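Input: a single structure, listed below in structure tokens.
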Amino acid sequence: TVTYNALIDGLCRSGNLKGATKLFSSILEKGLVPSGVTYTIMINGNCNAGDMSEAFRLYDEMLSRGILPDKFTYNALIGGCCKVGKLERAVELFNEMLQKGFATVLTFNTLIDDFCKLGKLQEATQLLKVMVDKQILPDNVTYTTLIDGHAKAGKIKEACLLFSEMQERNLMPNAVTYTSLIEGHSRAGNMSEASALFKEMMDKGIKPDEVTNHVMIHTPCKEGNLVEAFKLQDAIIAKGIQ
RNA sequence: CCGCUAGU
């Protein structure tokens, strides 16, 4: 079963949901019993493909076989529901999880990210408070998600506040965190702040990765700030970063 | 570490 699971997961990840579904059916035909993990992989694959009706069909099938969902299953379903805008259903599942004590920092992170993407920044920030109340500690992904959400909404001030707050909690910003914030400043036309952050991250020994460099160079271009883009590009080359 | 979250 473990081998099948890995194969199915691989197929889902490479976007071959059809192949994964075939393999899954073949397991059933052989009279083998898929495990909860098998179902979760299939459910997650369908969620990522936006096919929530199939995801829920599988979910029901797994329940009818007496296989209980765990935090992975719930998180996948919640993420899928949010992606297709079925917030009510997501919140229902979320409450179920809370009752069962299944909610983890990942659950919150998933929800917070989806709320941010739907432009519900208030609710997303509220969830941060809820999780702290529940003694589930936010991690750097939680903050990075919120920072990115606020930065993309043009709420740079809030993004910066969150950035300080996360450091007060002794959470380390990583390349993703910096990149989100840099992009925010850059899109707001504040290149000096963007390069200051870029420098700060290097001083801390955090290596900018390909996304960081892409953002540094392309965002000012989009804003019509070619001069800045070239300056930054030179700086990047000078530091010997790829 | 067989499966669920963040940035281009």
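The model shown is predicted, which means the values in this text are computed figures rather than measured ones. The basis for the numbers below is simple: all heavy atoms, side chains too, and nothing from hydrogens, waters or symmetry mates.
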Here the ring pair (Phe, Tyr, Trp, His ring centres under 6.0 Å) pairs for residues 116-135 of chain A, sequence neighbours left out, are none
| task | State plainly whether the residues A:Asp133 and A:Lys129 are in salt-bridge range, i.e. N to O under 4.0 Å. | result | no
Among B:rU8, B:rC2, B:rG3, the one nearest any side-chain atom of A:Val215 is B:rU8
Residue set satisfying side chain to side chain donor-acceptor pair (under 3.5 Å) with A:Asn174, at least two apart, ordered chain then number -> A:Thr177
Here the distance between atom P of B:rU5 and atom CZ of A:Arg13, to the nearest Å, is 7 Å
Check the phosphate of B:rG7 against A:Arg187, side-chain N and O only, distance under 4.0 Å to OP1 or OP2. Yes or no?
no
**Main-chain N/O of A:Cys47 paired to A:Asp51 side chain as donor or acceptor, under 3.5 Å** = no
Note: contacts of residues 38-47 of chain A with RNA chain B (heavy atom, under 4.0 Å) are A:Thr40, A:Ile41, A:Asn44
Note: contacts of residues 136-148 of chain A with RNA chain B (heavy atom, under 4.0 Å) are A:Val141, A:Thr144, A:Thr145, A:Asp148
From the candidates B:rC4, B:rC2, B:rG7, the one with an atom nearest any side-chain atom of A:Asn5 is B:rC2
Other residues, nucleotides and ligands only: do more than 12 of their heavy atoms fall within 6.0 Å of NZ on A:Lys100? yes
Taken in chain and number order and not counting sequence neighbours, the residues that satisfy salt bridge (charged side-chain N to carboxylate O under 4.0 Å, His left out) with A:Glu200 are A:Lys204
Rounded to whole Å, the CD1-P distance (A:Ile8 to B:rC4) equals 14 Å
Between CZ of A:Phe102 and P of B:rU5 the distance, given in whole Å, is 18 Å
Query raised in the report: When only distance counts, do a donor and an acceptor, one from the side chain of A:Ser180 and one from the base of B:rG7, lie under 3.5 Å apart?
Result: no
| said: I'd like to know whether NZ of A:Lys155 has more than 12 heavy-atom contacts from other residues, nucleotides or ligands below 6.0 angstrom. | reply: no
Between CG of A:Asn174 and P of B:rU8 the distance, given in whole Å, is 14 Å
Going by heavy atoms in the side chains, are A:Asn48 and A:Cys12 under 4.5 Å from each other?
-> no
Sorted by chain and residue number, the ring-ring contact (aromatic ring centres under 6.0 Å, His included) partners of A:Tyr178 (sequence neighbours excluded) come out as A:Phe163
In numerical order, the residues of residues 151-167 of chain A whose heavy atoms come under 4.0 Å of RNA chain B are A:Lys152
B:rG7 base to A:Thr177 side chain: any donor-acceptor pair below 3.5 Å? no
To the nearest angstrom, the CG-C1' distance between A:Leu7 and B:rG3 comes to 14 Å
When rounded to whole Å, the OH to P distance for the pair A:Tyr4 and B:rC2 reads 19 Å
To the nearest angstrom, the CD1-C1' distance between A:Ile67 and B:rG3 comes to 14 Å
Can I get a per-line list of side-chain donor-acceptor pairs under 3.5 Å for residues 121-128 of chain A, giving both atom names and the distance, sequence neighbours left out?
| residue | atom | partner | partner atom | Å |
| --- | --- | --- | --- | --- |
| A:Thr125 | OG1 | A:Leu121 | O | 2.7 |

Ordered by number, residues from residues 103-120 of chain A within less than 4.0 Å of RNA chain B (heavy atoms) are A:Leu106, A:Asn109, A:Thr110, A:Asp113, A:Lys117
Less than 3.5 Å apart, which donor and acceptor atoms pair up between the side chains of residues 65-73 of chain A and the rest of the protein, not counting sequence neighbours?
| residue | atom | partner | partner atom | Å |
| --- | --- | --- | --- | --- |
| A:Arg65 | NE | A:Tyr39 | OH | 2.9 |
| A:Asp70 | OD1 | A:Phe72 | N | 3.0 |
| A:Asp70 | OD1 | A:Thr73 | N | 3.1 |
| A:Asp70 | OD1 | A:Thr73 | OG1 | 2.9 |
| A:Thr73 | OG1 | A:Thr40 | OG1 | 2.9 |
| A:Thr73 | OG1 | A:Asp70 | N | 3.2 |

Taking B:rG3, B:rA6, B:rU8 as options, the one with an atom nearest any side-chain atom of A:Glu183 is B:rU8
When rounded to whole Å, the CG to C1' distance for the pair A:Asn213 and B:rU8 reads 11 Å
Residues at least two apart in sequence or cross-chain that pass side chain to side chain donor-acceptor pair (under 3.5 Å) with A:Lys207, listed by chain then number, are none
Using the six-membered ring wherever Trp is involved, compare the ring planes of A:Tyr59 and A:Phe56 and label them parallel, tilted or perpendicular (cut-offs 30° and 60°).
perpendicular
Residue pairs meeting ring pair (Phe, Tyr, Trp, His ring centres under 6.0 Å), one or both in residues 103-144 of chain A, sequence neighbours left out, come to A:Phe94-A:Phe108
